[in-house]
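Inspection log for the structure reproduced underneath, given as structure tokens.
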Amino acid sequence: MRNPDKLDEIFRLQKELNRRIGVDTDGMTETQRQEWVLNYCRAMSQEVAELTDCVPWKWWAKYQKFDRQNARVEVVDLLHFLVSLAQVLEMSADEILEVYTRKHRVNVERQETGYHTKDEADNKGI
């Protein structure tokens with residue numbers, strides 16, 4: 001038996017968890033989608049703050065230590081919300097890979113050409 005694609009499996013597990021807690025992205029209205037985009041953005045902002053707290057960012061405080069284990073957990077928490085956000089936007093794992101690959105090419109090209117000027121036109125075809 002073949003192992004499932006890792007990203008597909010993450011998307012499947014997240015959809016299952018979301019349904020368990022009462023969030024079904026398949027039947028959302030446009031208004032609900034907007035609300036949940038905002039909800040997940042807020043949740044990710046909080047998770048980024050929690051990730052930041054894992055790193056000794058207070059240069060004046062000598063007691064702080066890097067908490068690598070908790071940082072890893074916060075990254076996974078971010079992934080939970082990021083996948084949920086993608087699902088609200090009706091993006092599949094395959095579409096994430098496709099869009100990621102196209103955006104990656106844009107980023108590489110920007111680096112190769114010096115990226116001297118901000119120009120969002122190169123994002124239009126993504």
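Heavy-atom basis, side chains included; hydrogens, waters and symmetry copies ignored. Residue numbers start at 1 and run along the sequence shown.
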Indicate yes or no: at least one non-hydrogen side-chain atom of Q69 is less than 4.5 angstrom from one of D67. yes

Measuring from Q14:CD to L82:CG, what's the distance to the nearest 0.5 Å? 10.0 Å

Cluster check L78, V55: I/L/V/M/F/W/Y, side chain < 4.5 angstrom: no

Taking the basic N atoms (NZ, or NE/NH1/NH2) and the acidic carboxylate oxygens, is any pair closer than 4.0 Å for E16 and R12? yes

Could you tell me whether a side-chain N or O of Q32 sits under 3.5 Å from a main-chain N or O of T29, the two making a donor and an acceptor? yes

Is it true that atom CZ of R72 has more than 12 heavy atoms of other residues, nucleotides or ligands lying nearer than 6.0 Å? no

Take N107 and Q111 through the side-chain hydrogen bond (donor to acceptor under 3.5 Å, both in side chains) test and state the conclusion after the steps. CA-CA 6 Å; N107 289 343; Q111 293 307 305; over 6 Å; no

Do Y100 and V83 sit in the same hydrophobic cluster, where Ile, Leu, Val, Met, Phe, Trp and Tyr count as joined when their side-chain heavy atoms come under 4.5 Å apart? no

I'd like to know if E9 pairs up with K6 as an ion pair, taking the criterion as any Lys NZ or Arg NE/NH1/NH2 lying under 4.0 Å from an Asp or Glu carboxylate oxygen. no

Tell me, please, which residues at least two apart from A121 pass side-chain contact (heavy atoms from CB on, under 4.5 Å). D119

Going by an N to O cut-off under 4.0 Å, is there a salt bridge joining K15 and D26? yes

Taking the side chain as everything from C-beta on, heavy atoms only, tell me whether E74 gets closer than 4.5 Å to C54. yes

Residue pair W36 / T31, side-chain heavy-atom distance below 4.5 Å: no

Residue pair I10, H80: steps toward the side chain to side chain contact (heavy atoms under 4.5 Å, CB included) verdict: CA-CA 9 Å; I10 289 170; H80 276 279; over 6 Å; no

Test side chain to side chain contact (heavy atoms under 4.5 Å, CB included) applied to V73 and V76, step by step: CA-CA 5 Å; V73 171; V76 172; 5.8 Å; no

I'd like to check the side-chain contact (heavy atoms from CB on, under 4.5 Å) partners of K58; sequence neighbours left out, ordered by chain and number. W60, A61, Y63, Q64

Just do the side chain to side chain contact (heavy atoms under 4.5 Å, CB included) check on V88 and M28 with the steps written out, would you? CA-CA 8 Å; V88 166; M28 285 185 173; 4.3 Å; yes

Carboxylate-amine/guanidinium contact R102 E98, below 4.0 Å: yes

Pairwise side-chain contact, E109 with D122, heavy-atom cut-off 4.5 Å (strictly under): no

Under the side chain to side chain donor-acceptor pair (under 3.5 Å) test, which residues partner W57, sequence neighbours left out? D53

For the residue pair R33 and E90, establish whether any side-chain heavy-atom pair is separated by less than 4.5 Å. yes

Looking at side-chain heavy atoms only, is the closest gap between E35 and N39 below 4.5 Å? yes

Taking a hydrophobic cluster as the set of Ile, Leu, Val, Met, Phe, Trp and Tyr residues connected by side-chain heavy atoms closer than 4.5 Å, whether directly or through intermediates, do M44 and V99 fall within one such cluster? yes

D24/N18 under side chain to side chain contact (heavy atoms under 4.5 Å, CB included): CA gap, chis, key distance, verdict: CA-CA 7 Å; D24 185 359; N18 286 344; over 6 Å; no

Are V75 and F81 linked, directly or through intermediate hydrophobic residues, by side-chain heavy-atom contacts shorter than 4.5 Å (ILVMFWY only)? yes

L79 side, atom CG; S84 side, atom OG - distance, nearest 0.5 Å: 9.0 Å

Applying the 4.5 Å side-chain criterion to the ILVMFWY set and letting contacts propagate, would L89 and F11 be lumped into a single cluster? yes

Would you say the side chain of I126 lies within less than 4.5 Å of the side chain of N123, judging by non-hydrogen atoms? yes

Nearest heavy-atom pair of I96 and A86: which atoms, and what distance? CD1-CB, 3.9 Å

